[in-house]
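Keep in mind that this is a model prediction, so the values were computed, not measured. Hydrogens, waters and symmetry mates are skipped; everything else that's a heavy atom, side chains included, is used.
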Amino acid sequence: MGALFQSLGRTITAGVVLLVILIVLAGLGTGSWVRASDHAWWAFVFRWLHVLSGVMWIGLLWYFNFVQIPSMPKIPDEQKPAIGKVIAPTALFWFRWAALATVVTGALLAWMMGYLVQALTLQTPNVAIGIGMWLALIMAFNVWFIIWPNQKKALGIVQVAPEEKTKAARLAMLTSRFNTMFSIPMLYMMVIQQNRGGAVF
C-alpha cells in the first residue's frame, strides 16, 4: 500500500480506478448504467473536469496567498532558494495550466449546454454564470499575461536587473492578491447559478 502513495502517478491512477469501480458498483446496485452516447453524460463529464481543474487552480491561488507569500519573510535566507528554484516553479506550472483547463472546460460545458453566448452577453437567466465567467476570464488573463511573465523574472527564470526583479515580484504578488479577491465573487456566481436559476441575490 505504501508504494501506491509514494508515487503521485500511481495515486492518481488508483483514484481513477476507484472511480470506475464505484461507477460499476452503483450500476450493479441500481441497474442504471452510463451511456457513452448520452449528451447529459458528456455534459456531466465536462462539468466534473471543470470542477477538478478549478479546484487545482483556485487551490493553488489560495496556497500562494494564504501560505507561501505570508511565510516567505519567516523563512531563513539560506532556505529560500528551495522555494524559488523548486517549489514555486512547479506550483506555477500547475497553476497556469489549471487556469487554462478551467476556462476551456467551462467554455465547452457552456457550449454543450447551449448557454455560452447568453452567459457571455449577460442575458437572463444566465446572468450569474455570465458574471462568474467574465471574472474567471479576467483572472485567467492575469495568470498568463501578468503573473507568469513577472514570476519568471522574480524567480530568475528570465534574467533581469535586480530592481526589475523586485518590481516584477511585487506586481505578480499584487495581481495574485487581485485574483484572490476576484475568486470570492466568481465562486459565488458559479455556485448560485446552479442553486437559484441565475438569480444573483
Is it the case that T175 and N142 place a side-chain donor and acceptor less than 3.5 Å from each other?
no
Show me the pairs that pass salt bridge (charged side-chain N to carboxylate O under 4.0 Å, His left out) and involve residues 6-29, at least two apart or across chains.
none
Show every salt bridge (charged side-chain N to carboxylate O under 4.0 Å, His left out) that has at least one partner inside residues 133-160, sequence neighbours left out.
K153-E164
Got a donor-acceptor contact below 3.5 angstrom from the T102 side chain to the S53 backbone?
yes
Inspect the surroundings of CH2 in W148 and state if more than 12 heavy atoms from other residues, nucleotides or ligands are less than 6.0 Å away.
yes
Where the side chain of S176 meets the backbone of I147, is there a donor-acceptor pair that is under 3.5 Å apart?
no
How far apart are the C-alpha atoms of M133 and L116, what are their side-chain angles, what is the distance that settles it, and do they pass the side-chain contact (heavy atoms from CB on, under 4.5 Å) test?
CA-CA 10 Å; M133 289 168 74; L116 178 63; 3.6 Å; yes
Kindly indicate whether the side chain of L155, heavy atoms from C-beta on, has any atom under 4.5 Å from the side chain of L92.
yes
Close aromatic pair by centroid cut-off 6.0 Å: F95 and F64
yes
Within a 6.0 Å radius of atom CZ on R170, are there more than 12 heavy atoms belonging to other residues, nucleotides or ligands?
no
Would you say V104 and L120 are hydrophobically clustered, going by side-chain heavy atoms of ILVMFWY under 4.5 Å?
yes
M189 side, atom CE; Q194 side, atom CD - distance, nearest 0.5 Å:
14.0 Å
Looking at residues at least two apart in the chain, or sitting in another chain, which of them share a ring-ring contact (aromatic ring centres under 6.0 Å, His included) with W144?
W97
Consider only side-chain heavy atoms of I, L, V, M, F, W and Y, link residues closer than 4.5 Å, and tell whether I192 and L135 are in one cluster.
yes
